[in-house]
Structures are given as structure tokens and as C-alpha cells.
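Notes follow once the structure below has been shown.
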Amino acid sequence: MNRRVVVTGLGAVTPIGNTVDEFWDGIRSGQVGIGEITRFDTSDFKIKLAAEVKGFAAKERMDVKAARRMELFSQYAVAAAKEALEDSGLEMEKEDAFRVGVSIGSGIGSLQAMEREHTKMLEKGPGRVNPLFVPLMISNMAAGNVGIQLGFKGKNINVVTACATGTHSIGEAYRTIQYGDADVMAAGGTEASITSIGVAGFAALTALSESTDPARASIPFDKERNGFVMGEGAGVVILEELEHAKARNAHIYAEVAGYGATCDAYHITSPAEDGSGAARAMIEAMRDGGIRPEEVTYINAHGTGTHHNDLFETRAIKLAFGKAAAHVKVNSTKSMIGHLLGAAGGVEFITCVKSIQEGYIHPTVGLCMPDEECDLDYTAGAGVSMEVRCAMSNSLGFGGHNSSILVKRYEG
């Protein structure tokens with residue numbers, strides 16, 4: 001547990017940019033990546049908006065033949081992982097490939113493959129189902145394909161905890177390196193579930209915003225919030241044992257400082273109303289890193305824009321941080337890119353790292369009508385330029401899964 005873990009590479013595919021630089025430019029400009037759904041006909045749907053990835057061409061990001069044997073969620077993961085690897089400067093020919101692993105999760109896998117092959121079976125019979133249907137569809141194939149494409153032969157896992165998937169994946173990669181099971185891990189989340197059955201399913205839960213105004217659809221902590229906006233993409237980082245990174249003179253973005261994970265053990269979709277489960281995850285992350293609440297500059301909240309999540313997460317922050325809750329900056333990246341489900345934690349972790357690197361905390365875009373019960377500093381109106389020494393990212397998933405991870409400025 002004495003092994004320190006640092007971040008040496010970043011990669012992202014998002015609704016506001018298909019590289020980390022494009023994504024961060026969108027963050028700095030307050031760009032909202034929400035628009036009308038183009039992936040299927042929404043005529044019979046109340047839900048009209050989503051945060052789609054735009055202009056992504058797999059053939060420009062990876063081997064064309066290999067891409068044909070991947071569903072979209074796997075393509076996003078491979079593209080983000082390749083960017084992160086290139087950014088890290090890691091040269092695999094100089095590494096023991098069995099000490100380099102993958103922890104990349106997807107909450108759902110490929111709903112596109114499920115829809116397509118089920119329709120084919122009903123219309124043409126079971127003999128016409130694609131022989132690759134199962135390996136295309138199952139959620140671990142994002143991690144599997146990353147390992148295959150990049151030559152990472154170490155531990156290769158797929159954490160699936162719904163909307164907490166990305167954060168748990170990074171946390172478990174951090175633990176893997178701490179315990180000495182790997183020196184380097186590609187970690188994060190990926191998702192591509194903007195399909196008719198995906199949207200219909202979340203709509204049936206009344207979890208999605210029915211707004212037709214992109215500027216007022218994903219509005220976390222706002223009094224008029226009425227659900228989340230489905231997004232898609234991937235966020236992958238390269239985590240590395242500190243001495244390994246120093247030995248190759250790697251550029252170090254930040255240091256992973258702590259990780260906490262709990263279960264509400266309360267309800268399959270609603271967080272615990274008092275926020276106790278999420279609060280305990282935050283407390284455990286701070287305990288793990290030896291960090292006091294007053295030392296956390298900024299919290300990237302789960303902040304989905306549903307009534308229950310935003311209210312109960314606010315209560316959780318107050319429980320975990322006590323008096324310090326009134327002074328910590330909070331925001332929700334989902335206000336710009338929607339909810340990337342299993343990929344959310346990966347992209348939001350990158351947001352925390354970039355905030356530390358550049359000294360900038362983005363606004364919760366669209367927050368203009370404060371909710372009396374959501375009374376923390378959610379960075380409304382405009383972003384803030386300030387020193388960010390330590391940031392926390394929260395993710396909460398259906399099933400009661402809570403995950404918090406801390407990242408701090410690397411200081412040698």
C-alpha cells in the first residue's frame with residue numbers, strides 16, 4: 001500500500017469533442033453537446049434529446065479490419081485508450097506486457113447489437129443471427145479489445161456498476177497498482193446506448209428529461225430539473241506506479257490520492273434519502289488518502305439532474321464534509337455532456353485532472369433557478385479560475401453503488 005499511483009495519460013471521446021483537447025476546449029467555452037436524437041426515429045417517443053458523439057470515424061482512430069469486429073462502445077474505448085497511451089509516452093516494446101493491464105467498464109455493452117440481432121432472429125430465424133453476436137455485445141469486450149489492440153497482457157477486468165462503472169474501474173486500477181499486481185493500467189469507462197430500447201427503458205423509469213430545449217434539458221441542481229439526458233462516449237486514463245513513471249521521465253498530470261466505495265443497500269434506483277451511503281464513500285476516499293475535508297478544493301458531483309439524485313447527493317456532501325461543505329466548489333460536467341452512464345466517471349475524472357492542471361473549475365451550465373434544498377456552491381453562472389490542489393469525483397449507480405475518487409496535484 002506504499003506504492004503511489006500517478007496519472008500519465010488521458011484519452012476521451014465525448015459529445016463535445018473526440019479528443020481530450022477538443023473536450024477541454026468545449027468545457028472552457030461552456031459548450032453544450034445536447035441536441036435532437038439522430039440515431040433512431042423518435043416520432044413515437046416523448047424523449048427527443050440526447051448528447052450524441054459527433055463526427056467519430058473509427059477508421060481514423062484504429063485498424064479498420066479490427067474496428068469492424070467491434071461495436072460502438074468498444075470503438076470508443078479503443079480510441080480513448082490509444083489517445084491515452086500516446087499521451088503517456090509509454091513504449092510497450094520496453095515494458096513487461098504482463099505488468100500492464102486494463103480496467104475499463106461498460107454499464108450495458110451493446111444495445112445496438114441486441115436490437116439488431118433480435119430483430120433479425122424474429123424476421124429471418126435463429127440461423128441468421130451473427131456468429132459474432134455475443135462477443136460483439138458483451139460489456140467486457142471494451143476491456144478485451146483495448147488489451148488486444150494495445151498489447152496489454154496484465155490484469156484485464158470489466159467493472160459493471162451502472163453509472164458508477166467508470167469511477168469504480170479507475171479505483172480498482174488504482175488498487176491493482178497499489179498492491180503490486182501491475183505497474184501500469186489503462187482505466188475508465190465507455191458507453192454507447194443511445195438506441196430506441198435504451199431510451200425507451202430509461203424513459204419508462206421517468207428518469208429522462210422530456211425537455212426539447214438543449215439549454216434547459218440537463219440542468220443539475222436547478223429547481224426545474226426533471227431528469228437526465230442520455231450521453232455517450234469514453235474516458236480512459238493511464239495510471240502508473242510513481243517510481244515506474246519517474247524512471248522513464250514520464251509527464252505526470254496528477255496523483256491519485258484516495259478511493260472509497262460503498263452500497264446504499266436501500267433501493268434499486270433511488271439513492272439513500274439521507275445520503276449516508278454516498279457520504280461514506282467520500283469519507284472512505286478521504287481516509288484512504290489522509291486528506292481532510294478542508295483540503296478538497298472541488299467536487300465533480302454525480303449531478304444527474306434528477307430530483308432525487310441532486311437532493312440526496314447534496315445531503316451526502318454535507319454529511320461527509322461537515323462545515324467544509326459550505327466552502328467547497330461543486331459542479332456537474334453532465335450539464336454539458338449529459339449522462340454518459342458507464343463512461344461518466346472516466347470523463348469526469350479527466351475533468352478533475354484538467355482542473356488541477358489548468359486551475360479552472362467549469363460552471364454547472366444551465367443552472368439559473370436555485371433549488372432551496374440544493375444549497376451548496378454549484379459554480380453557477382461562470383467558471384472560476386483558481387488553484388485546485390485536490391479534487392473529488394463522485395459516481396452513484398442503480399443498485400446503490402457509490403464510488404468516490406480523489407486526485408491531487410503531484411508534488412514529488
Side-chain angles (χ1 to χ4, degrees), residues 13 37-48 50-53 56-59 61-81 102-150 156-166 168-169 189-208 230-234 268-269 339-343 397-399 401:
V13 176
I37 294 171
T38 66
R39 301 293 169 80
F40 62 92
D41 183 359
T42 63
S43 298
D44 295 332
F45 287 73
K46 292 181 179 179
I47 308 304
K48 303 296 182 183
E52 298 179 344
V53 167
F56 177 83
K59 64 182 180 181
R61 306 290 293 270
M62 66 199 73
D63 177 73
V64 176
K65 186 175 180 181
R68 292 196 192 105
R69 294 190 171 218
M70 295 181 211
E71 287 293 318
L72 195 56
F73 80 103
S74 289
Q75 292 178 354
Y76 288 164
V78 169
V102 179
S103 176
I104 295 175
S106 173
I108 301 174
S110 180
L111 287 180
Q112 292 92 338
M114 293 183 194
E115 284 187 358
R116 183 179 65 243
E117 299 305 320
H118 182 252
T119 298
K120 192 185 298 182
M121 182 185 71
L122 293 180
E123 293 179 350
K124 300 180 180 180
R128 298 296 294 274
V129 170
N130 187 337
L132 292 178
F133 165 54
V134 171
L136 285 169
M137 172 266 297
I138 51 181
S139 64
N140 68 296
M141 277 300 159
N145 275 305
V146 168
I148 292 166
Q149 294 301 308
L150 303 187
N156 191 300
I157 57 174
N158 167 45
V159 179
V160 183
T161 49
C163 305
T165 291
H168 273 127
S169 295
T190 186
E191 207 79 84
S193 296
I194 303 175
T195 67
S196 57
I197 191 64
V199 172
F202 279 109
L205 277 172
T206 66
L208 298 180
M230 190 182 292
E232 62 176 356
I268 60 171
T269 59
H339 191 351
L340 274 56
L341 307 178
F398 283 176
H401 306 286

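Excluded from the calculations below are hydrogen atoms, water molecules and symmetry mates; all remaining heavy atoms, backbone and side chain alike, are included.
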Using side chain to side chain donor-acceptor pair (under 3.5 Å) as the criterion, list what pairs up with [X], not counting sequence neighbours.
X    : value
H168 : T161
R39  : E232
E71  : S110, R116
S43  : D41

Give the minimum heavy-atom separation between [X] and [Y], together with the two atoms involved.
X    : Y    : value
A79  : R61  : O-NH2, 3.6 Å
V13  : A80  : CG2-N, 4.3 Å
S106 : V160 : O-CG2, 3.6 Å
A234 : A343 : CA-CB, 4.0 Å
I157 : A143 : O-CB, 3.6 Å
A77  : A142 : CB-CB, 3.9 Å

K120: what forms a salt bridge (Lys or Arg N to Asp or Glu O under 4.0 Å) with it, not counting sequence neighbours? E117
Say whether, by atom type as modelled, one donor and one acceptor occur between the side chain of [X] and the main chain of [Y] under 3.5 angstrom.
X    : Y    : result
S103 : S169 : yes
Q112 : L72  : no
T195 : G198 : yes
T190 : F73  : yes

When rounded to the nearest 0.5 Å, the distance separating CE of M70 from CD1 of I148 is 8.0 Å
Could you please spell out the steps behind the side chain to side chain contact (heavy atoms under 4.5 Å, CB included) verdict for F40 and V199? CA-CA 10 Å; F40 62 92; V199 172; 3.8 Å; yes
For [X], enumerate each residue passing the side chain to side chain contact (heavy atoms under 4.5 Å, CB included) test, keeping only those at least two apart in sequence or located in another chain.
X    : answer
T38  : E52
S193 : I108, L111, E191, M230, L341
I138 : V134, N140, M141
R68  : V64, K65

Can you spot which of N145, D63, I104 makes a side chain to side chain contact (heavy atoms under 4.5 Å, CB included) with V78? N145
Are more than 12 heavy atoms, taken from residues, nucleotides or ligands other than I197, located less than 6.0 Å from that residue's CD1 atom? no
Suppose we screen for ring pair (Phe, Tyr, Trp, His ring centres under 6.0 Å). Which residues come up paired with F56, at least two apart in sequence or across chains? Y76
What residues, two or more places apart in sequence or in another chain, satisfy ring pair (Phe, Tyr, Trp, His ring centres under 6.0 Å) together with F202? F228
Minimum side-chain heavy-atom gap F45-L208 below 4.5 Å: no
Decide yes or no for Q75 and M62: does some side-chain heavy atom of the first lie under 4.5 Å from some side-chain heavy atom of the second? yes
Does any pair with a residue in residues 122-134 pass side-chain hydrogen bond (donor to acceptor under 3.5 Å, both in side chains), and if so which ones, sequence neighbours excluded? none
